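Because only heavy atoms are used, hydrogens play no part in the values below, and waters and symmetry mates are left out as well, while side chains stay in. In this text, all values refer to a predicted model and were calculated from it rather than measured experimentally. The first residue of the sequence shown is numbered 1, and numbering continues consecutively from there.
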Amino acid sequence: MTTKELLYIDDALGHEQYFQTKCNEVIGQLQDTKLKSSVEQMAQKHRQIYQDFYGLLG
């Protein structure tokens, strides 16, 4: 991979970590179970995307 591609992946990893963190913060504040479940699904999706990007490096 080129340096530019690696920088893109590094940036994408950072964004996915940020999204996971924000989802987890919101999950702790929600009372509505349907909404909480939706945000948990979003957090899981961002974890999967992070793992997929990370897998490109291996």
Side-chain angles (χ1 to χ4, degrees):
M1 278 192 221
T2 67
T3 301
K4 189 171 185 176
E5 290 169 328
L6 290 172
L7 288 172
Y8 173 77
I9 291 172
D10 184 54
D11 192 42
L13 288 170
H15 282 70
E16 293 306 322
Q17 284 180 320
Y18 174 79
F19 294 140
Q20 287 178 57
T21 300
K22 288 300 167 186
C23 285
N24 289 330
E25 287 176 10
V26 170
I27 288 168
Q29 299 171 3
L30 292 172
Q31 301 297 320
D32 183 282
T33 56
K34 284 187 178 182
L35 187 54
K36 192 172 192 172
S37 177
S38 293
V39 177
E40 286 170 342
Q41 288 176 0
M42 280 193 287
Q44 176 60 35
K45 182 66 175 175
H46 287 295
R47 275 190 290 279
Q48 183 62 50
I49 293 169
Y50 179 90
Q51 291 171 350
D52 291 346
F53 273 121
Y54 193 80
L56 292 173
L57 301 174

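Rounded to the nearest 0.5 angstrom, Q17 CD and F53 CZ are separated by 12.5 Å. Rounded to the nearest 0.5 angstrom, L6 CG and L13 CG are separated by 10.5 Å. From E16, atom CD reaches atom OG1 of T21 across 11.0 Å, with rounding to the nearest 0.5 Å.
Residues L7 and L57 are members of separate hydrophobic clusters, defined by side-chain heavy-atom contacts under 4.5 angstrom among Ile, Leu, Val, Met, Phe, Trp and Tyr.
Taking a 4.5 Å side-chain heavy-atom cut-off between Ile, Leu, Val, Met, Phe, Trp and Tyr, the cluster of Y18 extends to F19.
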Pairs under 3.5 angstrom only: tabulate donor-acceptor contacts from the side chains of residues 38-45 to other protein residues two or more places apart or in another chain.
{"from": "S38", "atom 1": "OG", "to": "K34", "atom 2": "O", "distance (Å)": "3.2"}
{"from": "Q44", "atom 1": "OE1", "to": "R47", "atom 2": "NE", "distance (Å)": "3.3"}
{"from": "Q44", "atom 1": "OE1", "to": "R47", "atom 2": "NH2", "distance (Å)": "3.2"}

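Listed by first and then second residue, the salt bridge (Lys or Arg N to Asp or Glu O under 4.0 Å) pairs involving residues 17-32 are K22-E25 (not counting sequence neighbours).
For the pair N24 (side chain) and Q20 (backbone), a donor-acceptor distance under 3.5 Å is present.
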